[in-house]
Amino acid sequence: MSFTIATWNINSVRLRAPLVAQLLTEEAPDVLCLQECKSPVDKIPAEVFAELGYVHMIARGQKGYNGVAILSKQPIEDLGDKDFADLGHARHVAGRLENGVTIHNFYVPAGGDVADREVNEKFGQKLDYLTDMRDWFREHRPEKAILVGDLNIAPREDDVWSHKQLLKVVSHTPIEVDHLAETQESGQWVDVTRADIPEGKLYSWWSYRARDWDAADKGRRLDHVWATADISNAAHSSRILRHVRGWDKPSDHAPVLATFDL
DNA sequence: ATGTCAATATCCTATTGA
């Protein structure tokens, strides 16, 4: 069986429910993982998605900030969530499909503006969140699992528009890249997107602040699809839907997709 | 490159977060 998973930081699921519906209609992924829903779970417009066949949803939410949801055409068992680094935020939820595949949906803290935990508490929280992820996956070695989400780090030089100019910018600093690498190693996660598309610049986020995001093209690959080694070979056809960033009233993130033959 | 966008609280403007 082949199934396609998509991940998308939606930046308000209520405001952009029509865009979610458009993506579901045009791409028909089996599973869509959303981040930054910015909504309590009971106010997510699940009925809009159910009408399109996505009758199963597992979600965690809070008022105004954060929030993650997994929409699925197939039944998905709620495996719970973990409040990594004890921030009291809704940033993770996990589910299991009937084929036995576990899905982790993450929204890693953005980390604020200054890349120094001594003066910026949010940066420390981001590093602690990643360290807690690392320790947890060391303790609970994932198998037959997919991890997706807005990890808020662009690890490779070709994951950013200018490696040199972003070395001190939160999302691409060496300490963040190191922390992300340790998390990836602890779960023996394979970066599916880069296994599929190993060469060339690849972005999933473009700032709202650019006058012309498309022309400037100063993007970063913050959104990721990882899989454990036992199923990563089944992945193919990875895509980042850049054109979605150009939709009316868009999210600043584009959806990232991968297909697995399992 | 201090620009744009969204949610909230208090109210139609400021603050916070990204």
Side-chain angles (χ1 to χ4, degrees), chain A residues 7-23 33-45 48 59-69 83-92 105-117 119-130 148-155 159-173 175-176 179-180 203-224 242 244-256:
Chain A
T7 179
W8 194 14
N9 177 317
I10 193 61
N11 187 16
S12 176
V13 72
R14 283 180 278 175
L15 190 69
R16 286 189 243 280
L19 298 194
V20 174
Q22 187 175 349
L23 183 79
C33 296
L34 298 170
Q35 304 87 35
E36 275 208 274
C37 296
K38 294 184 173 178
S39 174
V41 172
D42 61 2
K43 292 187 176 171
I44 295 174
V48 174
R60 298 293 186 274
Q62 58 188 96
K63 191 165 72 174
Y65 304 104
N66 309 315
V68 288
D83 180 22
F84 292 90
D86 299 317
L87 301 177
H89 298 170
R91 296 181 175 275
H92 168 254
N105 183 12
F106 276 97
Y107 175 50
V108 171
D113 289 329
V114 182
D116 178 352
R117 68 181 307 153
V119 297
N120 171 20
E121 182 187 30
K122 292 199 187 77
F123 193 72
Q125 290 175 348
K126 181 178 197 174
L127 298 180
D128 292 346
Y129 194 95
L130 292 160
V148 305
D150 178 2
L151 306 184
N152 265 313
I153 296 172
D159 290 335
V160 293
W161 65 275
S162 169
H163 169 63
K164 198 175 173 183
Q165 287 181 255
L166 288 172
L167 269 172
K168 292 180 177 175
V169 174
V170 172
S171 72
H172 191 61
T173 64
I175 191 169
E176 290 170 87
H179 275 66
L180 188 67
Y203 314 140
S204 66
W205 173 88
W206 294 262
S207 172
Y208 283 126
R209 295 177 187 177
R211 285 197 190 91
D212 184 339
W213 71 272
D214 193 30
D217 200 21
K218 291 181 173 179
R220 307 176 200 171
R221 188 172 69 103
L222 304 180
D223 303 275
H224 298 268
R242 180 187 175 107
V244 171
R245 179 63 177 78
W247 284 356
D248 194 39
K249 300 281 180 192
S251 167
D252 45 356
H253 293 254
V256 182

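The figures that follow rest on heavy atoms only: side chains count, while hydrogens, waters and symmetry mates do not. Here is how names work: the chains are called A, B, and so on, in the same order as the sequence lines, proteins then strands, and each is numbered from 1.
- The shortest distance between the side-chain N/O atoms of A:K63 and the OP1/OP2 oxygens of B:dA9 is below 4.0 Å.
- The side-chain contact (heavy atoms from CB on, under 4.5 Å) with A:Q35 is formed by just one residue from the set A:N105, A:N66, A:I10; it is A:N105.
- Rounded to whole Å, atom P of B:dA7 lies 7 Å from atom CG of A:N11.
- To the nearest angstrom, P of B:dA18 lies 14 Å from CZ of A:F123.
- Put simply, the side chain of A:R91 never gets that close to the backbone of A:F106: no donor and acceptor are under 3.5 Å apart.
- In this structure, CG of A:L15 is placed 18 Å from P of B:dT4, rounded to the nearest angstrom.
- Of the two residues contacting DNA chain B, namely A:Y107 and A:Q62, the nearest-nucleotide position lying further toward the 5' end is that of A:Q62.
- Using C1' as the reference atom, B:dG3 and B:dA9 are 25 Å apart when rounded to the nearest Å.
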Run the side-chain hydrogen bond (donor to acceptor under 3.5 Å, both in side chains) check on A:Y129 and A:N152 step by step: do they pass? CA-CA 12 Å; A:Y129 194 95; A:N152 265 313; over 6 Å; no
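- Annotation for A:T173 and A:K168: closest pair CG2-C, 3.8 Å, computed over non-hydrogen atoms.
- As rounded to whole Å, 17 Å separates atom C1' of B:dG17 from atom CD of A:Q35.
- Among the nucleotides B:dA18, B:dT4, B:dG17, the one closest to any side-chain atom of A:Y65 is B:dG17.
- The side chain of A:S12 lies closest to B:dA7, out of B:dG17, B:dA7, B:dA1.
- Comparing the C1' positions of B:dA1 and B:dA14 gives an interatomic distance of 24 Å, to the nearest angstrom.
- Protein atom CG of A:N66 is 17 Å distant from nucleotide atom P of B:dT16, rounded to whole Å.
- Where A:V13 and A:D113 meet DNA chain B, the nucleotide closest to each residue was compared, and A:V13 sits on the side nearer the 5' end.
- Here the nucleotide nearest the side chain of A:K218, chosen from B:dA18, B:dA7, B:dA1, is B:dA1.
- Comparing B:dT10 with B:dT4, their P atoms are spaced 28 Å from each other, to the whole Å.
- Comparing the same atom, C1', in B:dA7 and in B:dC12 gives a spacing of 15 Å after rounding to whole Å.
- At whole-Å resolution of the value, CD in A:E121 and P in B:dA18 are 12 Å apart.
- Of all the heavy atoms in A:D150 and A:H253, the pair that sits closest is OD2-CE1, 3.3 Å.
- Taking atom NZ of residue A:K38 and atom P of nucleotide B:dA7, one finds them 6 Å apart after rounding to whole Å.
- For A:R16, taking side-chain heavy atoms from C-beta onward, the closest of the listed nucleotides B:dA18, B:dG17, B:dA6 is B:dA6.
- Remark: A:R14 is not in phosphate contact with B:dA6, judged by side-chain N or O atoms under 4.0 Å from OP1 or OP2.
- Following rounding to the nearest Å, A:L87 (CG) and B:dG17 (P) show an atom-to-atom distance of 13 Å.
- Look at A:S207 and you won't find any side-chain N or O under 4.0 angstrom from OP1 or OP2 of B:dT4.
- Listed nucleotides B:dA6, B:dT4, B:dA1 differ in distance to A:R209; the shortest reach to its side chain belongs to B:dT4.
- With hydrogens and angles disregarded, a donor-acceptor distance shorter than 3.5 Å links the side chain of A:H224 to the backbone of A:R221.
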